[in-house]
Amino acid sequence: MLTVKDKTFVPFIDKATLESRIASLAVRIDEDYRDKEPLIVVVLNGAFMFAAELMKNLTVPCRITFIRVGSYAQTQSTGVVRQILGLHESLEGEDVILVEDIVDTGLTIRQVRQQIESQHPASVRIATLLFKPEALQTEVNLDYVGFEIENRFVLGFGLDYDGFGRNTKEILVLQ
Ligand code: IMP
C-alpha cells in the first residue's frame, strides 16, 4: 500500500511481471528490427523507466532521444493540441519507435505520431507499457503493448499522481 498526497494505492503489477513482459517486448523488437538501427523516442516524463528497462533488454543497435509534449491550446472537446518540445535530431529516414508510459484517451500519442511523421521518418511504431482500451477516444495503432488494463488510475514505475509516486519498482492502482 502507498499513500501519495490524499490518495491510497494498492499493488497492481509486480516487479517480476513488469520485467519479464518488457523483456519479451524487447525480443519482438529485436526480431522486427533485425537489419535496422531504430531510434527510440521517449515521451517524457512518465515513460523514462519503461524506456530504460526496454533498452537494457534490446540487442539491436539503437539510439535514444527524449521529447516532452506541451499542450499549448485547448481546442474543441475532441482534444488538446500538443507540441513536441526538445527534439533536436532530424528524424528523416529514421526507424522511430515512440515509447509511451500509458495510452489512455490516445489523444497524446496520436498528436505526437502526427508530428513525428511530418518529419519524414522511414517508419514509426509505438511501444506503450500500458493501454486502457475502454478510455480510448481515437483510433491508434499500437505495435507493442505491455499490458492492457482496465480504466483505473495507476501509479508507479514512472507514472505519477500530481508529480509524485513515480519512484516505485511496481505499478499500483488507486484503491
Ligand atoms: P492520453 O492522451 O489520454 O492517452 O493520455 C496519456 C497521458 O496521460 C499519459 O502519458 C500519462 O501521462 C497520463 N495518464 C493517463 N492515464 C494515467 C494513469 O492511470 N496514471 C498516470 N498517468 C496517466
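Start at 1 and go down the list; that is how both ligands and their atoms are numbered.
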Peer 1: Using every non-hydrogen atom in the two residues, find where Ala47 and Glu100 come nearest and quote the distance to one decimal.
Peer 2: CB-C, 3.7 Å

Peer 1: Taking all heavy atoms of Asp30 and all of Asn57, pick out the closest pair and write down the distance.
Peer 2: OD2-O, 4.0 Å

Peer 1: What's the shortest heavy-atom distance between Thr168 and Gly156, and which atoms?
Peer 2: OG1-CA, 3.1 Å

Peer 1: Using modelled atom types and a 3.5 Å cut-off, is there a donor and acceptor pairing between side-chain atoms of Lys132 and backbone atoms of Arg152?
Peer 2: yes

Peer 1: Return the set of residues passing side chain to side chain contact (heavy atoms under 4.5 Å, CB included) with Glu31 (not counting sequence neighbours), or none when no residue passes.
Peer 2: Val27, Arg34

Peer 1: Enumerate the pairs of nitrogen or oxygen atoms, one from ligand 1 and one from the protein, separated by less than 3.5 angstrom; state names and distance to 0.1 Å.
Peer 2:
from	atom 1	to	atom 2	distance (Å)
ligand 1	2 (O)	Thr105	OG1	3.3
ligand 1	2 (O)	Thr108	N	2.9
ligand 1	2 (O)	Thr108	OG1	2.4
ligand 1	3 (O)	Thr105	N	2.8
ligand 1	3 (O)	Thr105	OG1	2.5
ligand 1	4 (O)	Asp104	N	2.8
ligand 1	4 (O)	Thr105	N	3.1
ligand 1	4 (O)	Gly106	N	2.8
ligand 1	10 (O)	Glu100	OE1	3.3
ligand 1	10 (O)	Asp101	OD1	2.8
ligand 1	16 (N)	Lys132	NZ	3.3
ligand 1	19 (O)	Lys132	NZ	2.8
ligand 1	19 (O)	Val154	N	3.0
ligand 1	20 (N)	Val154	O	2.7

Peer 1: Let's go through Val173 and Phe9 carefully: what are the C-alpha distance in whole Å and the side-chain angles of both, what is the deciding distance for side-chain contact (heavy atoms from CB on, under 4.5 Å) to 0.1 Å, and is it a yes or a no?
Peer 2: CA-CA 5 Å; Val173 67; Phe9 295 84; 5.7 Å; no

